[in-house]
Amino acid sequence: MKIKRRQFLKTSVLAASPLMLPGRMLHADAPSHQITAGFIGMGGQGTGRNLKGFFALKNVRVVAVCDCHLGRARKAKKMVDKKYQNKDCAVYQDFREVIARDDIDVVVISTPDQWHVPMSVMAMQAGKDVFCEKPSLTIVEGRQLVEAAEASDRVFQWGIEDRTLTKYHLLAGWARSGLIGKVEKVTCTLPYQEPFKREEPVAVPDELDWNLWLGPAPLVDYTPSALDMFHWRLNSDYGGGMLSDWGTHLCDTAQVGLGEDAAGPVEAWGTCRELDPSAYNSDTPVDFKLTLKYASGAELHVADNSTYKELLLEFEGTDGWVRCKGWNGKLEASDPSILQTRTFGPDANYWELPQVEHADFIDAVVNRRKPAYHPEAGHRLCTALHLGHLALREGRKIGWDPHSERFTTEPEANEASILYQRTPRNWA
């Protein structure tokens, strides 16, 4: 089945009227030219990374926080009130109340993966610019997000910092510009996380709207560790395991270095450990060894740290190699002089190195430009990882045409997979 672009927007209000940047952000008497922000999802990433990241920007004012667990939202409000030395920050349990506020310019989404695209699309349709954590949940959803951003003319940025980190910018540039010859192999090792064993259901906490937390995911009983990030991300109803979580970091630099960031792989295959569904609440790949092959013939080899005991991103070319050992760690090269190269030529200037992702997003909002990690970039990366996840789960080679975004091997079976598309639950 072909992905029908824009079909999902036919009944949207976007077709009837364009959405404009709020005038108060532009005129001279705007209050300090501040951009108002509403935050949805106040767990560890929402508060520890994103809230603090936007606090550092003088032209941003946080006015609302939301979490389906009210305890988390109230804790985030205390952080906001302390920052501004007042009690003005509003608290919500239902994200739709944040999106409905006319006085909010940007929405920051830090939820589990099943909510990333639905919330982002709703926010953009309501005229908000969106900063959302990675990744998408399915291939079709990723394309829908791209189309929603185009139709609404909103600024959207994925919350991934790698394109703002100098070391990964250099690593991709050295590989892409031919300094190590033609790249034939990339090795990417990700963190390992032991799968969660199955838990017995317990009563839903009073402060939690469990139905709203699940949202488009299947209705299941609440369990003690359900809200733990290291639990839900290993269940394909809510995440994609280490492959799509950490893979969205290191594998992006790999695809950019290969010059494949606007396309993607043509084949995927690999192996992983099979998990007994009666014993585990996890169903995402562990102990995996994955190969993604590109039209150039280059291969990206991705594995978790049960096989390789350190984080690594290494490009091997016909004339040498470059690598980064550890997360944003030590750069090494077969020829040390490569490490002194800082310019890559006009054909290899794949992006300008921006500020940290929060600042890049706000600058894009103010100047109405494309941010470093725009919707298409995230969709292409997530598609590669979803294809890898699918190949590992099915235990066979998967063929893909990145230009038509169609399967080239047994499409009937593959397109029925939840990793390609799924029918959301009616949660409203």
Side-chain angles (χ1 to χ4, degrees), residues 8-9 11-25 34-43 45-47 50-51 54 60-70 72-74 76-77 80 88-134 136-137 141-142 144-159 208-209 211-217 358 361-362 364-365 368 371 375 378 424-428:
F8 78 106
L9 289 173
T11 59
S12 170
V13 296
L14 299 176
S17 60
L19 296 167
M20 305 301 293
L21 186 70
R24 62 187 176 79
M25 290 173 56
Q34 286 191 327
I35 297 169
T36 53
F39 279 67
I40 302 171
M42 306 314 304
Q45 188 72 6
T47 56
N50 291 332
L51 191 59
F54 283 99
V60 176
R61 185 85 173 190
V62 180
V63 299
V65 293
C66 174
D67 198 289
C68 55
H69 191 294
L70 273 175
R72 290 183 173 185
R74 292 182 181 125
K77 172 182 167 56
V80 177
D88 294 346
C89 181
V91 173
Y92 300 101
Q93 189 171 34
D94 191 327
F95 72 93
R96 289 169 292 188
E97 296 186 73
V98 176
I99 291 175
R101 280 183 53 166
D102 292 335
D103 62 336
I104 288 179
D105 303 315
V106 304
V107 171
V108 180
I109 299 170
S110 309
T111 65
D113 302 357
Q114 81 271 19
W115 269 122
H116 289 171
V117 171
M119 282 186 184
S120 295
V121 170
M122 292 172 69
M124 288 188 287
Q125 289 177 344
K128 317 299 184 188
D129 296 312
V130 176
F131 179 99
C132 181
E133 279 301 316
K134 46 71 181 172
S136 63
L137 192 67
E141 276 194 358
Q144 289 175 345
L145 178 72
V146 174
E147 298 298 340
E150 291 176 353
S152 64
D153 197 28
R154 295 294 88 197
V155 172
F156 177 92
Q157 172 145 318
W158 291 104
L208 173 64
D209 186 329
N211 176 68
L212 199 56
W213 189 93
L214 291 170
H358 308 106
F361 168 67
I362 293 301
V365 168
R368 311 315 296 167
R425 181 177 69 94
N426 183 9
W427 55 272

Spatial distance of atom CG (N50) from atom CZ (F361) [nearest 0.5 Å] | 10.5 Å

When rounded to the nearest 0.5 angstrom, what distance separates CG in D209 from NE2 in H69?
-> 11.5 Å

From D105 CG over to T36 OG1, what is the distance, rounded to the nearest 0.5 angstrom?
-> 3.5 Å

How many angstroms lie between OG in S120 and CD in Q144, if you round to the nearest 0.5 Å?
-> 12.0 Å

Heavy-atom side-chain proximity of R425 to N211 below 4.5 angstrom = yes

Donor-acceptor pair, side chain of Q114 and main chain of W213, under 3.5 angstrom | yes

Just do the side chain to side chain contact (heavy atoms under 4.5 Å, CB included) check on I99 and Q125 with the steps written out, would you?
-> CA-CA 9 Å; I99 291 175; Q125 289 177 344; over 6 Å; no

Verify, without hydrogens or angle tests, whether K134 (side chain) and G378 (backbone) share a donor-acceptor contact under 3.5 angstrom.
-> no

Side-chain touch K128/V98, heavy atoms, less than 4.5 angstrom = no

So how far is it from C89 SG to R61 CZ, rounded to the nearest 0.5 Å?
-> 10.0 Å

Quick one: are D94 and C66 in side-chain contact, heavy atoms under 4.5 Å?
-> no

With a 4.5 Å limit on heavy-atom distance, are the side chains of V155 and R368 in contact?
-> yes

Check whether any side-chain N or O of H116 sits under 3.5 Å from a backbone N or O of L137 as a donor-acceptor pair, and report yes or no.
-> no

Assess whether side chain to side chain contact (heavy atoms under 4.5 Å, CB included) is satisfied between V365 and F131, documenting all intermediate values.
-> CA-CA 10 Å; V365 168; F131 179 99; over 6 Å; no

Sub-4.5 Å side-chain heavy-atom contact between F39 and V62 = yes

When every non-hydrogen atom of A90 is compared with those of R101, the smallest separation belongs to CB-NH1, 3.5 Å

Taking 4.0 angstrom as the limit, do K77 and D67 come out as a salt bridge?
-> no

Test side chain to side chain contact (heavy atoms under 4.5 Å, CB included) on M119 and V107 and set out the steps.
-> CA-CA 9 Å; M119 282 186 184; V107 171; over 6 Å; no

Below 4.5 Å, heavy atoms only, C-beta onward: do R154 and V130 meet side chain to side chain?
-> no

Closest approach of P371 to Q157 (non-hydrogen atoms, all atoms of both residues) | CB-OE1, 2.5 Å

Heavy-atom pair with the smallest gap, counting every atom of I104 and A64 = CD1-CB, 4.0 Å

Sequence neighbours left out, what passes ring-ring contact (aromatic ring centres under 6.0 Å, His included) with F95? Give chain and number order.
-> W115, W427

How close do A76 and L51 get, heavy atom to heavy atom, and via which atoms?
-> O-CD2, 4.2 Å

Test side chain to side chain donor-acceptor pair (under 3.5 Å) applied to D113 - qualifying residues, sequence neighbours left out = none

Inter-residue atom distance E147.CD - S152.OG, 0.5 Å rounding | 11.0 Å

